[in-house]
Amino acid sequence: MAGLSLNPTKITTPRPHSCKPICRFNSLINPTKTQLKFPTNPSKIHPKLLHIPHSSVSESSVSVPKEEEVADEEDDDPNAEMSYFDRETDPESISEWELDFCSRPILDIRGKKIWEFVVCDSSLSLQYTKYFPNNVINSVTLKNAIESISDELDVPLPEKIRFFRWILMVTDADNCHKSLYRARDKAYSKCLSLMLWLEERYETVYTRHPGFQQGIKPLFTLDNPFPMQLPENLFGEKWAFVQLPFSAVQEEVSSLETRLVFGASLDLDLLGIEVDANTLIPGLAVASSRAKPLAEFRAQNEKLHLCAPPAAWMNGLEVCSIEADTARACLILSVGISTRYVYATYKKTPVTTSEAEAWEAAKKACGGLHFLAIQDDLNSDDCVGFWLLLDLPPPRV
């Protein structure tokens, strides 16, 4: 296994180091065929996406043959708008919404793009959609749409609103809802429920709309910016491509609370992802001599000190995914919506390129599932920080 310096700015020619994989981790040489089960029907990603009542705002102009009416009666009406809340859920328990407000590949009778306001929570107990013509798109419309959810569904406004791409009207404090205005400088990529729902709506709603236009791109496209220099606080000293059986990954995830380590997990059950316990999940192990837990420090201090370990600083980021860029011979750390860092570099050789390609192939075989583990030492049994990550492609809208 080839592991190289993690500080590309301070070491111009990174030197490979040889390290023994953690006893619980396996060296990644060749991608392993996995047994992940992903739903083939997008509408079955979330059980709550099925049989949800709609409030139709207009009759569909799509003609359906009579013999197909029964088969399609449960499909989404492409002209319908949704206003749904699961009454078995405590409204006060939903403190975060996931929001998208963007154009759709649909033209109205004027030949202009239709915009759609979409909101849900991570469990999809809350689902709300509303169409708008392009000539009313402004901060007032957005603010009123947010408040209308609270009025119609009798739920409190959220403490935080998450979105996976920039929204135009987040710079106007007077006309935007305060939780959206507070997020104006930081968009979040981890809107997995929303992104999966939009992909499902692309198949079942947008493509069936009479105004659907194949190939039309949304007004706000997702950026893939050039990676920046890694902040010094996040520097590690060694790293290695590794893999863990999913059962061991679950143990690490459970330790996030029991051992007070840093990190984050994913609700795979909610996402409809089934993973066999023996499936090997690819990951990146990073060693740092400063990777000590900050349980006492965090309890006594609200802000991180400059000497805090990388795991602590990483915990304050919206860590999304890690990518092996074989063209640049580096690892890319994606955080937030449009921030990418050069997390590590390595000397480009046939061996290192082959290992990076194998790691990416293993990640792809796992449907994008992978992890980041931060440790005191690569030979250690324990992790100071553990992040379960999903490299999810953006929705087609």
Side-chain angles (χ1 to χ4, degrees), residues 36-57 70-101 116-131 142-164 177-180 183 188-206 250 253-254 256-258 264-275 369 388 390 392 395:
L36 267 70
K37 297 178 182 178
F38 289 85
T40 55
N41 184 344
S43 67
K44 296 188 178 180
I45 291 174
H46 290 280
K48 290 184 179 178
L49 286 178
L50 300 175
H51 312 299
I52 294 174
H54 295 71
S55 56
S56 180
V57 293
V70 175
D72 292 342
E73 65 182 1
E74 292 182 348
D75 288 347
D76 292 326
D77 175 3
N79 287 288
E81 294 177 339
M82 182 178 293
S83 181
Y84 168 82
F85 182 73
D86 183 358
R87 290 304 166 187
E88 295 182 0
T89 302
D90 179 8
E92 299 292 337
S93 67
I94 300 178
S95 60
E96 294 185 4
W97 291 358
E98 299 179 9
L99 182 152
D100 186 48
F101 190 37
E116 187 182 38
F117 172 76
V118 179
V119 170
C120 68
D121 72 305
S122 61
S123 69
L124 285 176
S125 298
L126 167 67
Q127 298 178 46
Y128 189 93
T129 69
K130 189 174 182 63
Y131 290 125
L142 179 59
K143 178 184 178 182
N144 292 340
I146 291 173
E147 294 175 346
S148 67
I149 298 176
S150 179
D151 296 337
E152 291 181 25
L153 297 177
D154 193 25
V155 296
L157 290 170
E159 297 175 5
K160 180 188 292 185
I161 294 179
R162 306 167 71 87
F163 48 99
F164 65 90
H177 182 256
K178 60 181 180 181
S179 58
L180 185 61
Y188 304 86
S189 280
K190 282 192 176 179
C191 296
L192 298 181
S193 295
L194 176 61
M195 294 170 71
L196 289 171
W197 186 24
L198 287 175
E199 185 64 20
E200 185 267 348
R201 286 182 62 77
Y202 182 88
E203 293 288 347
T204 62
V205 178
Y206 308 140
Q250 289 176 303
V253 168
S254 65
L256 293 177
E257 295 183 1
T258 59
S265 181
L266 299 171
D267 191 337
L268 299 183
D269 291 335
L270 179 65
L271 298 175
I273 301 175
E274 299 178 14
V275 188
L369 196 65
L388 184 59
L390 184 63
L392 188 69

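All residue numbers in this chain count up from 1 along the given sequence. Note that these values count all heavy atoms, side chains included, but never hydrogens, waters or copies made by symmetry. Keep in mind that this is a model prediction, so the values were computed, not measured.
- Every residue was checked against the salt bridge (Lys or Arg N to Asp or Glu O under 4.0 Å) condition with E152, not counting sequence neighbours, and none meets it.
- By the side-chain hydrogen bond (donor to acceptor under 3.5 Å, both in side chains) test, Q250 pairs with no residue at all, sequence neighbours left out.
- Taking S148 as the reference, Y128 meet the side-chain hydrogen bond (donor to acceptor under 3.5 Å, both in side chains) condition, with sequence neighbours excluded.
- Here I161 contributes atom CD1 and E96 contributes atom CD; the two are 10.5 Å apart, rounded to the nearest 0.5 Å.
- The side-chain contact (heavy atoms from CB on, under 4.5 Å) check on E92 picks up D90, P156, with sequence neighbours excluded.
- To the nearest 0.5 Å, atoms CZ (R201) and CE (M82) are separated by 6.0 Å.
- The nearest pair of heavy atoms linking W197 to V119 is CZ3-O, 3.5 Å.
- Every residue was checked against the side-chain hydrogen bond (donor to acceptor under 3.5 Å, both in side chains) condition with Y202, not counting sequence neighbours, and none meets it.
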Exercise for review: Decide yes or no on side chain to side chain contact (heavy atoms under 4.5 Å, CB included) for L153 and S83, but give the supporting numbers first.
Suggested key: CA-CA 7 Å; L153 297 177; S83 181; 3.3 Å; yes

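- Results of the side-chain contact (heavy atoms from CB on, under 4.5 Å) test with L271 over L392, L369, L196 single out L196 as the only residue that passes.
- In this structure S265 satisfies the side-chain contact (heavy atoms from CB on, under 4.5 Å) test together with V253, L256, L388, sequence neighbours excluded.
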Review point. So W97 and L157, side chain to side chain contact (heavy atoms under 4.5 Å, CB included) or not? Walk me through it.
Key: CA-CA 9 Å; W97 291 358; L157 290 170; 4.1 Å; yes

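- Considering only heavy atoms from C-beta on, P91 stays 4.5 Å or farther from D154 through its side chain.
- Counting only heavy atoms from C-beta outward, the side chains of N144 and F117 never approach each other to under 4.5 Å.
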Point to revise | Residues L198, M195; criterion side chain to side chain contact (heavy atoms under 4.5 Å, CB included); working and verdict | key: CA-CA 5 Å; L198 287 175; M195 294 170 71; 5.8 Å; no

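- Rounding to the nearest 0.5 angstrom, the gap separating the CG atom in L270 from the CG atom in L192 is 9.0 Å.
- Closest of all the heavy-atom pairs between C191 and F164 is SG-N, 3.9 Å.
- Between I273 and L266, every side-chain heavy-atom pair lies at or beyond the 4.5 Å cut-off.
- T89 and S125 make their closest contact through OG1-OG, 3.1 Å (heavy atoms, listed as atom of the first residue, atom of the second, distance).
- One finds the CG atom of D121 at 4.0 Å from the CD1 atom of I94 (value rounded to the nearest 0.5 Å).
- Of the possible polar contacts, one joining the S150 side chain to the V155 backbone as a donor-acceptor pair under 3.5 Å is found.
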Review point. Can you check side chain to side chain contact (heavy atoms under 4.5 Å, CB included) on I146 and L99, steps first, answer last?
Key: CA-CA 9 Å; I146 291 173; L99 182 152; 4.0 Å; yes

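- Closest of all the heavy-atom pairs between S193 and S122 is OG-O, 2.5 Å.
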